[in-house]
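Taking it in order: structure first as structure tokens, then the write-up.
None of these values were measured; they are calculated from a predicted model. Side chains are part of it too, since the values below use all heavy atoms of this structure and drop only hydrogens, waters and symmetry mates. As the structure lists them, so they are numbered: ligands from 1, and atoms in each ligand from 1.
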Amino acid sequence: MKFIHGRRELLSGIVPGYTDPEACTRQLMELKKQVPSLYALLSVNACALAFTHYPFAPAWLTVGLPGPMIALCAFRAVHWWRMQPQDIAGPAALKRMRATSLLTVLFSVVFVGWAMMLNAYGGPFEQGHVAIFVAITVIACIFCLTHLPLAAFLVTVIVMGVFLIHCFTSGNSVFIAIALNTAFVTVVMVRILTNNFLAFLQLVASKAEAQRLSEENQRLAHTDSLTGLPNRRYFFQRLDALIAASAGNGAAFALAIFDLDRFKPINDTFGHTAGDRVLEETGRRLEAFAGSGMTIARLGGDEFGVLIHAAARPDEVADLCDRICAALRAPISLGDTQVVPGCSGGLALYPQAGRAADALFDRADYALYHSKERKRGSMTLFSQEHEDAIRDARAVETALQSADLAAEMEMHYQPILDTVTDRITTVEALARWTSPKLGRVPPDRFIAVAERCGMIHSVTLLLLRKALADAARLPPEIGLSFNLSSHDLASSETVIAILAAVRQSGLDPRRITLELTETALMRDFEGAQRAITLLRALGIKIALDDFGTGYSSLNYVHRLPLDRIKIDRGFMADVESDLGRSVVSTILDLCQNLGLDGIAEGIETMEQLNAVRRHGCRYVQGYLIGLPQPITELLQRLAAMTGPGEPAAI
Ligand code: C2E
Ligand code: CA
Ligand code: CA
């Protein structure tokens with residue numbers, strides 16, 4: 001079987017339909033090394049034969065016929081010598097080899113015919129020369145045509161056939177012996193040549209296989225096995241290449257990162273197989289957008305990257321990214337159930353957002369973070385505003401890392417009033433940081449920085465300990481409300497440390513309320529639920545802060561064991577308008593139905609206070625009731641407001 005296959009390959013060099021272009025080109029390259037020598041050899045041998053027969057044979061046989069043949073040989077030798085076979089593709093190479101084989105047949109017929117005609121002239125020496133000419137020329141041809149075995153075979157058959165017939169018909173036993181001897185040598189040589197050629201083909205095939213395997217390895221090293229998309233490594237290679245090209249030609253391009261909003265809960269609830277299917281489907285949806293000018297990759301986890309090469313106008317790129325984001329956040333069906341993965345994205349433009357790969361990627365990542373924190377489910381284009389915010393955040397981060405937090409931070413307390421009893425029931429602890437380098441830094445800014453640079457755990461605990469120590473100085477009927485960062489509940493280490501701090505303080509846990517935002521719940525709903533249950537088991541109350549600003553608040557209110565809801569102060573500005581009124585009264589109705597305390601934040605005017613009271617809001621907080629102030633001032637105020645033995649009242 002192998003032999004038959006080998007024979008077929010042997011013929012391959014000149015058989016139409018042969019399909020290994022790589023082997024054809026290689027064959028031509030090898031032939032180029034030998035064919036010019038073949039023509040040179042043929043010319044020299046023919047010259048020598050013409051020379052020895054010149055005195056005996058007619059001129060047309062010693063000059064007229066060999067002259068043009070030798071000229072043709074020289075022409076072909078030059079043609080082969082100048083050929084660039086490495087640039088000749090398989091089919092063209094095949095065509096040339098076919099032409100060479102045909103020419104070989106022509107040359108064989110003409111030269112052997114010519115030699116036989118010369119044999120009629122001269123004496124035994126000249127006739128001996130003809131025999132030598134035939135023998136050495138055919139052997140030389142076989143050698144030179146090692147990589148075109150069919151041509152070598154044809155030469156042998158034609159030349160030896162004619163020579164044998166000629167010698168046998170001459171009846172001269174010496175010539176018959178020479179002819180038989182030469183024929184035997186050439187047959188053996190053709191056989192050796194055949195084996196060599198098969199070995200050559202195998203070598204070419206194994207090289208091609210090695211090349212294919214190395215390309216396959218390369219492809220696998222650059223492919224994400226789950227989605228089949230290019231992976232992070234490939235993405236960054238393309239990014240580097242794009243930056244290098246753009247640095248030369250000034251072309252703009254864009255880098256976008258997409259991240260699923262609810263992948264973790266889907267994975268936790270439905271299992272990893274479902275999670276994999278969500279990622280596969282996300283990969284398919286992304287691929288639907290793939291065009292020649294785009295690189296799409298899975299960067300890891302539920303994060304995907306897109307490079308939009310020749311980026312058009314920024315608004316067109318943003319529009320495309322919006323469409324991708326919308327496609328990725330659409331529901332995915334998993335058999336009987338449907339999951340809504342949600343998707344947020346960040347977009348950075350080259351060169352505006354950065355000229356280095358890392359800088360550009362970090363900017364897109366920042367924009368993604370911004371989407372996640374502020375407007376989940378949408379795209380954010382990195383802007384100058386973000387650049388300024390990054391610079392500020394860096395300054396805050398540097399100051400925070402070198403700060404003596406215990407000395408530089410203190411807590412201020414803002415009262416929350418019960419409008420029914422006119423008493424202060426709780427004070428909300430609000431952090432204040434006065435940095436020697438930056439001056440006063442607002443808490444939302446340094447909390448966000450502490451979250452990003454991984455310091456939030458220690459900052460929260462430091463602030464909580466301060467607040468608990470201050471709370472020990474408050475009258476026992478006044479509770480303490482403390483804000484947790486969205487990262488705190490996600491870390492079981494922090495939750496345990498909070499419980500330990502509360503226990504250590506000796507404060508009755510029932511006096512403590514922890515305020516959470518929706519972002520904390522979004523981050524890891526199951527984890528937050530577990531932590532809340534644990535904290536409530538100890539008697540700690542849980543308030544949902546800034547209610548109404550998130551996009552799916554109602555989802556959480558029903559599913560979590562809460563005690564309080566704080567209506568965001570943003571609604572108070574409109575509380576006297578129809579819309580504002582109806583929002584606030586709807587939230588208060590909800591609180592009443594669920595048996596939760598509703599607290600209106602940001603009450604600045606009597607009108608606002610009266611409006612929320614009319615809607616049945618019992619608890620209020622805001623500048624009108626009291627500004628955030630240090631514990632000593634708060635205690636003085638409480639003491640001034642209440643006579644001895646009376647409860648604290650406004
Ligand atoms: P928040 O939890 O919503 O805190 C209420 C914010 O509203 C406080 O700002 C407070 O000073 C302000 N405020 C109170 N009454 C009024 C009013 O009548 N009108 C207006 N316009 N504003 C009022 P502050 O102290 O700048 O805190 C901002 C945010 O920083 C807080 O929002 C909270 O999210 C965060 N934060 C403050 N302290 C801490 C803390 O100790 N830990 C954590 N994790 N976050 C904190
Ligand atoms: Ca709060
Ligand atoms: Ca609030």
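Counting only distances under 3.0 Å, and ignoring water, the protein N, O or S atoms around the Ca ion (ligand 2) are Glu428 OE2, Asn483 OD1, Glu515 OE1, Asp545 OD2.
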Working for side chain to side chain contact (heavy atoms under 4.5 Å, CB included), residues Leu299 and Phe361:
CA-CA 11 Å; Leu299 300 175; Phe361 188 84; 3.8 Å; yes

Given side chain to side chain contact (heavy atoms under 4.5 Å, CB included), test Thr380 with Tyr369 step by step and report yes or no.
CA-CA 9 Å; Thr380 301; Tyr369 180 83; over 6 Å; no

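Using a 4.0 Å cut-off between a side-chain N of Lys or Arg and a carboxylate O of Asp or Glu, Arg285 and Glu281 qualify as a salt bridge. Using a 4.0 Å cut-off between charged side-chain N and carboxylate O, Arg298 and Asp224 make a salt bridge. Between Arg564 and Asp597, at least one side-chain N (NZ, or NE/NH1/NH2) sits under 4.0 Å from a carboxylate O, which counts as a salt bridge.
Between Leu489 and Leu535 the shortest side-chain heavy-atom distance falls below 4.5 Å. At least one side-chain heavy atom of Glu428 sits under 4.5 Å from a side-chain heavy atom of Asn483.
Residues lining ligand 1 at a heavy-atom distance below 4.0 Å are given as Met411, Gln414, Glu428, Leu430, Ala431, Arg432, Pro443, Asp444, Ile447, Leu463, Asn483, Leu484, Ser485, Asp545, Asp546, Arg569, Glu601, Gly602, Ile603, Glu604, Gly622, Tyr623, Pro628, ordered by chain and residue number.
Under the 30°/60° scheme for interplanar angles, the aromatic rings of Tyr350 and Phe253 are found to lie parallel.
Judged by distance alone, the side chain of Asp319 and the main-chain N or O of Asp315 form no donor-acceptor pair under 3.5 Å.
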